[in-house]
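As structure tokens, the structure follows; a few thoughts come after it.
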Number of protein chains: 2
Amino acid sequence: MELSERKKKILEVIIRDYINSAEPVGSRTLSKRCNLGISPATIRNEMADLEELGFLVQPHTSSGRIPTQQAYRFYVDEIMEIRKLEKMIRTDIHRGFLDYNNELGTTISHTAQVLSKLTNYTSVILAPRITNYNCKHVQIIPLIKNRVLMVAVTHEGIAKNVEMSLSSEVSEVMALKLSNVINGFLKNSFLKDMNSGFLDQIQELSQEESNLVREIIPHLKKALFEDASEIHSTGLTNLFNYPEFSDVEKIKQVVNIVQEKQVLSEILTGNESGKVVHIRIGNENDNENLKDFSIITSTYELDGEMMGAFGVIGPTRMNYDNVSSVLNYIRNELNLHISNLLMK
Amino acid sequence: MELSERKKKILEVIIRDYINSAEPVGSRTLSKRCNLGISPATIRNEMADLEELGFLVQPHTSSGRIPTQQAYRFYVDEIMEIRKLEKMIRTDIHRGFLDYNNELGTTISHTAQVLSKLTNYTSVILAPRITNYNCKHVQIIPLIKNRVLMVAVTHEGIAKNVEMSLSSEVSEVMALKLSNVINGFLKNSFLKDMNSGFLDQIQELSQEESNLVREIIPHLKKALFEDASEIHSTGLTNLFNYPEFSDVEKIKQVVNIVQEKQVLSEILTGNESGKVVHIRIGNENDNENLKDFSIITSTYELDGEMMGAFGVIGPTRMNYDNVSSVLNYIRNELNLHISNLLMK
DNA sequence: GTTAGCACTCAATTCTTGTGAGTGCTAATA
DNA sequence: TATTAGCACTCACAAGAATTGAGTGCTAAC
């Protein structure tokens, strides 16, 4: 799929133009914009070639051309580059983060806001998640009757709540004892290896106590391994301003996606490419509802381990340039900031 | 504002019809539907009167009439009644609640789902809130460095998390001690009366310890008294099917409302009327963005104390009958269910 | 290989016309 | 006096016709 330099240039200009205007691009307008000094007729020939190669389509005969998803993919892979943001914007973002330097939760929702503001699309962000290996400490707190709250804390200092009903009422003293049993195990082993077998090794537990622990463990595992983390989203209405969303059906699609936290979370974490900024265009999305959208995601880390993900949802006619650059920068800022917040 | 029985009847039929069809109602169609045996001409005269009285308007000369907000208010106050739901629906709802009988959180989100499904509008529900007087117990859990998590538990068994940074690192032992100090106070007094003065009465605290408690108290108060409770919403896209929402601007309005958790929470809890089911129609809403919508809310209680609120947002052309009846029934179910879940 | 010229296409816009559901008014009726 | 039939009038809406304009492909000349 080798394109001549000129074809490449023409394709680039068409894509850029279409991303801006959402209008099919014709040869006349193009010849003015593209400073190659070639006439509309020549451009028409080149465009016909590009159409044959699958990069362009005409909404109808005798209209201008619009880029295909293949064209966007080519643009993303071969043409565009992740830019460094303007100095002013960089310092703006940086200062913004400093204002939210106390709370993990507010940092996360602040990030979502910055993202949607800078890109004018819809942003989503997944709060730090609990990983397989990092559960450090749990605490059982009696609520009422046979209901208890379990708080699990990771090595990174992230807490998660699990509420549950047990088979009998739990006193404060009992809660403390149960916590201690589980924590004793966690000191030496990983949560994933925890099964009810370890109880046999502990002599001083009454029948009731070990029953309770047996009830608790599945809840703990489920909460940590299966439950979706909290997810934030802002700028949903940003999308409604784009002409491709004048159709109510399209709006429904995107609203549904953003409300389906579970789906969203899978989308955000599914990055097979291994790239820092991961771009999925239209059909490349597995989710049926996302086939008409593009989504660009990235992740943030702590101490080398992936903690969460964030991204931007927009039309396939997305400003890939800008969004990638923003995501790339935010990623760095977020990493820095979270590490300041949590690291020993 | 005394209307003759006939005028009342005509108005009722017009409103019912318009709520169903969203089409202006004319005298011909009306004379068929309304079994009073009067001719279109007579109806025209009555309609002209009703228009003069402010109950009807014509979108343009020579079209049928549509009800004004004043008409809806009249309908709600003077005509409609809260019905008992059909037996089948009642048992359906009841069984649904039984399936979610273990978790407060799932009960809440289940309620939201039932509401939007039964009404075909958008539902919102406010999770149980922490009230002024019911904080029973707190527990401080060290997270990392100088960060700790505080869990506050109410008498009703509802837990709330607060994360905070303190001025120095907190060990497990220290955390336990701090918890005990605060809990000791809560045993005998209300949280609202807690100020740093009570520390003076406690002799065995080191300087560092009492400093820490002094830092914690404002966080606790803020979290319990000021922070908004969690809020759930479903069925946002239900609204998009109604003809009044074919306009993208309208959609933006409602999406914005539903995303503004803080605003939503104020709307839900603001019930001056003292009625069990509280109806606000169009302009009666304080919030500028809600002027084109109607919202019907109710509350749920535990042991006589208001715990949370829920409601339905829809067009002013809302099926007030049905929604009120549903809310009324759900309220009872929810009260029953939560009391089973939490009461001693 | 490039370009000017030309006939052709087709969505979008504007204008026209017809249709129908609705009205208000007046005069006849019970 | 309240009701109704009759009639002329209004106006949104739909369907069709005419116009416009940005764009195309093709051919022949440069």
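Naming convention: chains lettered A, B, ... in sequence-line order (proteins, then strands); numbering from 1 in each chain.
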If you compare every side-chain N and O of B:Ser39 against the phosphate oxygens of D:dA2 (OP1, OP2), does one of them come in below 4.0 Å? no
Can you pull every protein N or O that's under 3.5 Å from an N or O on nucleotides 8-11 of chain C?
unit_1: C:dT9; atom_1: O2; unit_2: A:Ser62; atom_2: OG; d: 2.5
unit_1: C:dC10; atom_1: OP1; unit_2: A:Thr61; atom_2: OG1; d: 3.1
unit_1: C:dC10; atom_1: O4'; unit_2: A:Ser62; atom_2: OG; d: 3.2

Could you tell me how far apart A:Lys32 (NZ) and D:dG23 (P) are, to the nearest whole angstrom? 8 Å
Whether the side chain of A:Ser325 engages the backbone of A:Arg83 through a donor-acceptor N/O pair (distance < 3.5 Å, no angle test) should be reported. yes
Let me know the distance between CD1 of A:Ile43 and P of D:dA22, rounded to the nearest Å. 17 Å
Can you give me the N/O atom pairs linking the protein to nucleotides 24-30 of chain C at distances under 3.5 Å, or say none if there are none?
unit_1: C:dG24; atom_1: OP1; unit_2: B:Arg65; atom_2: NH2; d: 2.7
unit_1: C:dG24; atom_1: N7; unit_2: B:Arg44; atom_2: NE; d: 3.2
unit_1: C:dG24; atom_1: O6; unit_2: B:Arg44; atom_2: NH2; d: 3.3

For A:Lys84, does the NZ atom have more than 12 heavy-atom neighbours from other residues, nucleotides or ligands under 6.0 Å away? no
Please state how far atom CZ in A:Arg6 lies from atom C1' in C:dT3, giving the value in whole angstrom units. 12 Å
Heavy-atom count check: over 12 atoms from other residues, nucleotides or ligands less than 6.0 Å from A:Lys7 NZ? yes
Would you find a donor on one side and an acceptor on the other, under 3.5 Å apart, between the side chain of B:Asp292 and the backbone of B:Thr316? no
Output yes when a side-chain donor or acceptor of A:Ser298 lies under 3.5 Å from a complementary backbone atom of A:Val277, and no otherwise. no
Rounded to the nearest angstrom, tell me the gap between atom CD in A:Glu23 and atom C1' in D:dG23. 13 Å
Is the centre of the A:Tyr121 ring less than 6.0 Å from the centre of the A:Phe293 ring? no
Could you state the CD-C1' distance from B:Glu46 to D:dA2, rounded to the nearest angstrom? 10 Å
OP1 or OP2 of D:dA12 under 4.0 Å from side-chain N/O of B:Ser63: no
Of the listed nucleotides D:dG23, D:dA5, D:dT24, the one nearest the side chain of A:Ser27: D:dT24
According to a strict under-4.0 Å criterion, is B:Thr29 in side-chain N/O contact with OP1 or OP2 of C:dG22? yes
What's the CG-C1' distance between B:Leu30 and C:dT23, to the nearest Å? 14 Å
Determine whether a donor-acceptor pair (N or O, by modelled atom type, separation under 3.5 Å) exists between the side chain of B:Thr237 and the backbone of A:Lys252. no
A:Arg28 CZ to C:dC6 C1', straight-line distance once rounded to whole Å: 13 Å
From CD1 of A:Ile66 across to C1' of D:dG23 the rounded distance in Å is 14 Å
Backbone of B:Ile267 reached by a side-chain donor or acceptor of B:Arg280 within 3.5 Å: yes
Please confirm whether the backbone N or O of A:Leu56 pairs with a side-chain atom of A:Arg65, one donor and one acceptor, at under 3.5 Å? no
